[in-house]
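Counting starts at 1 for both ligands and their atoms, following the listed order.
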Amino acid sequence: MNQELFRKIPKMDVLLELPQAAALEMKYSHNFLKESIQAYLEALRAGIAKGDLTDIPAPKDIMDEVTHKMEKDTEYTLKPVINATGVVLHTNLGRAPLGREITKRLVDVAAGYCNLEYDVEAGKRGSRYVHVEKLLCKLTGAEAALVVNNNASAVFLMLNTLAKGKATAISRGELVEIGGSFRIPEIMGQAGTQLIEIGTTNKTHPSDYVKAIEEQEAEVLLKVHSSNFEITGFSESVEIEELSKIAKAHGAMLLYDLGSAFMVQPELLGLHTGSLVQKAIKDGADVVCFSGDKLLGAAQAGIILGKKEYIERMKKNHLTRMLRVDKLTFSVLEQALIYYRDAHEAIRHIPVLKMLNAKAEELKEQAENLAKQLGEANDSLSIEVIPCKDEPGGGSLPNVYLDGYAVAITKEGMKVEAIEKKLRDHNIPIVARIYKEQLLLSVRTLQEGDEEVLIEAFSQI
Ligand SMILES: *Cc1c(COP(=O)(O)O)cnc(C)c1O
């Protein structure tokens, strides 16, 4: 029986003669095609040996499967997806989308050579750090700036350069873990600073900081934005303005990990919460750091701002060489910062700000429009437009929900999970939410051109 099946396996040459093979050879290469057929035939033999197979597919069917496998093997693994979740800074979906305008600059700068480390005027070697430093200082009022790979590395660099070998006081309410096992106590340990926990989880008073300085020889005060959680109710923490007075009076240094911060007033976006970078500087933090791809809405980066003396010391730390950013990051950051020269320009051109700013009425209209087109594309769907709660995401503004609108879809005879899976399997994967047995497409996070893809995908369901 087995021998019979082994004999029925078509020969490589026979398969290579089929018309499908010619097309695959054109598209890929002869060697890749042969390897792929070989791998398929080996899997067949293994299947027969194990007794899993009772028949051999026809040569044409074999080539169909080889075609499918070759397509899979050559697919991009990193690809665009559609975010229909309503979560603006979706950590799993690449955080801040940059939009066509910011990325146009990136393409212009990165496609060829650029003056990353070349002073064009002087005709000699320059520094990569000059490109955004002036802009950052002008926009925020900081004396100096440094950009590194991400905010996690910014925190580490800041502590390692300025607090190593010293005692650093931090409130127990701020000893947080930020996604992906970034834990403040451990980072402090690895950076070489001694952790002095002060206050309690819910309350820390100014006197706790003073005591840490006077009785435990703390030379550095560290404040960390609690990011993805919020202490509510009976709670108290000390703001930067007050901490700055304490630090100055005692000759201590004040460092602030803002995590995710705005460079436009949150009120301009209709929000009543969120840290403002400019305020942290003005209120007297010696050094602040924050992410480039959270509420700022630009590239992944850690932006460090503060007193010139401290930033200069960080630039000389050997770690900076390891944490440095490339021309891709600088070009995106520079373009985004140029928009920040005018808050309204920033809101108009930076997708994250635009999405946070989108008002419920506009979103309702957009959702109704999309619902109508989806209905026209597929009349077997039940479609309605419903209000929903969107989120800033990225651990940036915990407990802030944005009034949004979603297209809610069901289909008789099809489980909502099956619809959701089919959307994820689309050639441009669509990530959507399921809520109360309905599939929700929140329109807030849709980008230009996404709606056409949604319509195409739903016409096939
Ligand atoms: C997000 C965050 C970080 C880490 O920033 P990445 O840019 O993700 O490296 C560090 N500290 C705080 C407070 C954060 O919110």
Side-chain angles (χ1 to χ4, degrees), residues 87-98 132 136 145-163 168 170-191 193 195 204 220-231 237 239-240 243 254-263 266 273-277 279-280 285 287-306 314 319-320 322-326 328-330 332-333 336 352 356 391-400:
V87 179
V88 175
L89 294 166
H90 200 302
T91 305
N92 302 146
L93 304 182
R95 279 202 194 150
L98 300 171
V132 293
L136 278 169
L146 173 62
V147 178
V148 291
N149 183 57
N150 57 9
N151 190 42
S153 52
V155 175
F156 190 81
L157 178 66
M158 176 170 83
L159 291 170
N160 182 261
T161 311
L162 304 172
T168 299
I170 177 169
S171 161
R172 290 194 166 88
E174 295 170 12
L175 289 171
V176 294
E177 172 177 309
I178 294 135
S181 76
F182 181 82
R183 299 174 129 187
I184 294 294
E186 271 124 43
I187 295 299
M188 291 176 71
Q190 279 180 10
T193 192
L195 163 65
T204 303
V220 180
L221 307 183
L222 174 64
K223 190 168 174 68
V224 175
H225 185 257
S226 58
S227 288
N228 34 20
F229 83 109
E230 199 179 35
I231 299 173
S237 63
E239 292 308 312
I240 282 294
L243 276 182
L254 176 57
L255 310 179
Y256 188 10
D257 172 14
L258 276 162
S260 187
F262 285 115
M263 269 177 36
T273 171
S275 321
L276 185 65
V277 175
K279 181 166 159 45
V287 180
V288 305
C289 63
F290 55 98
S291 277
D293 60 345
K294 288 187 184 170
L295 291 173
L296 191 74
Q300 176 193 300
I303 300 174
I304 311 173
L305 305 171
M314 280 185 240
L319 278 174
T320 301
M322 298 171 224
L323 305 175
R324 79 179 188 187
V325 295
D326 69 347
L328 310 181
T329 305
F330 278 123
V332 168
L333 216 46
V352 168
L356 290 173
E391 290 173 50
S396 45
L397 300 168
N399 294 328
V400 171

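- Residues forming a side chain to side chain donor-acceptor pair (under 3.5 Å) with T168 (at least two apart in sequence, or on another chain): T193.
- A 4.5 Å side-chain heavy-atom check between Q300 and T329 finds every atom pair outside the cut-off.
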Could you go through residues 151-159 and list every donor-acceptor pair under 3.5 Å that involves a side-chain atom there, pairing it with any protein atom two or more places apart or in another chain?
unit_1, atom_1, unit_2, atom_2, d
N151, OD1, F290, N, 3.2
N151, ND2, D257, OD1, 3.0
S153, OG, N150, N, 3.1
S153, OG, N150, O, 2.8
S153, OG, N150, OD1, 2.7

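- Taking the side chain as every heavy atom from C-beta outward, I303 and V277 never approach each other to under 4.5 Å.
- Sorted by first then second residue, the salt bridge (charged side-chain N to carboxylate O under 4.0 Å, His left out) pairs that include residues 289-303, not counting sequence neighbours, are R95-D293.
- Within 6.0 Å of the CZ atom in R172, the count of heavy atoms belonging to other residues, nucleotides or ligands exceeds 12.
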What are the distances between nitrogen or oxygen atoms of ligand 1 and protein nitrogen or oxygen atoms, counting only those under 3.5 Å?
unit_1, atom_1, unit_2, atom_2, d
ligand 1, 5 (O), S291, OG, 3.2
ligand 1, 7 (O), N151, N, 3.0
ligand 1, 7 (O), S291, OG, 2.5
ligand 1, 8 (O), R95, NH1, 3.1
ligand 1, 8 (O), R95, NH2, 2.7
ligand 1, 9 (O), N151, N, 3.2
ligand 1, 9 (O), A152, N, 2.8
ligand 1, 11 (N), N151, ND2, 3.4
ligand 1, 11 (N), D257, OD1, 3.3
ligand 1, 11 (N), D257, OD2, 2.6
ligand 1, 15 (O), S227, OG, 2.3
ligand 1, 15 (O), K294, NZ, 2.8

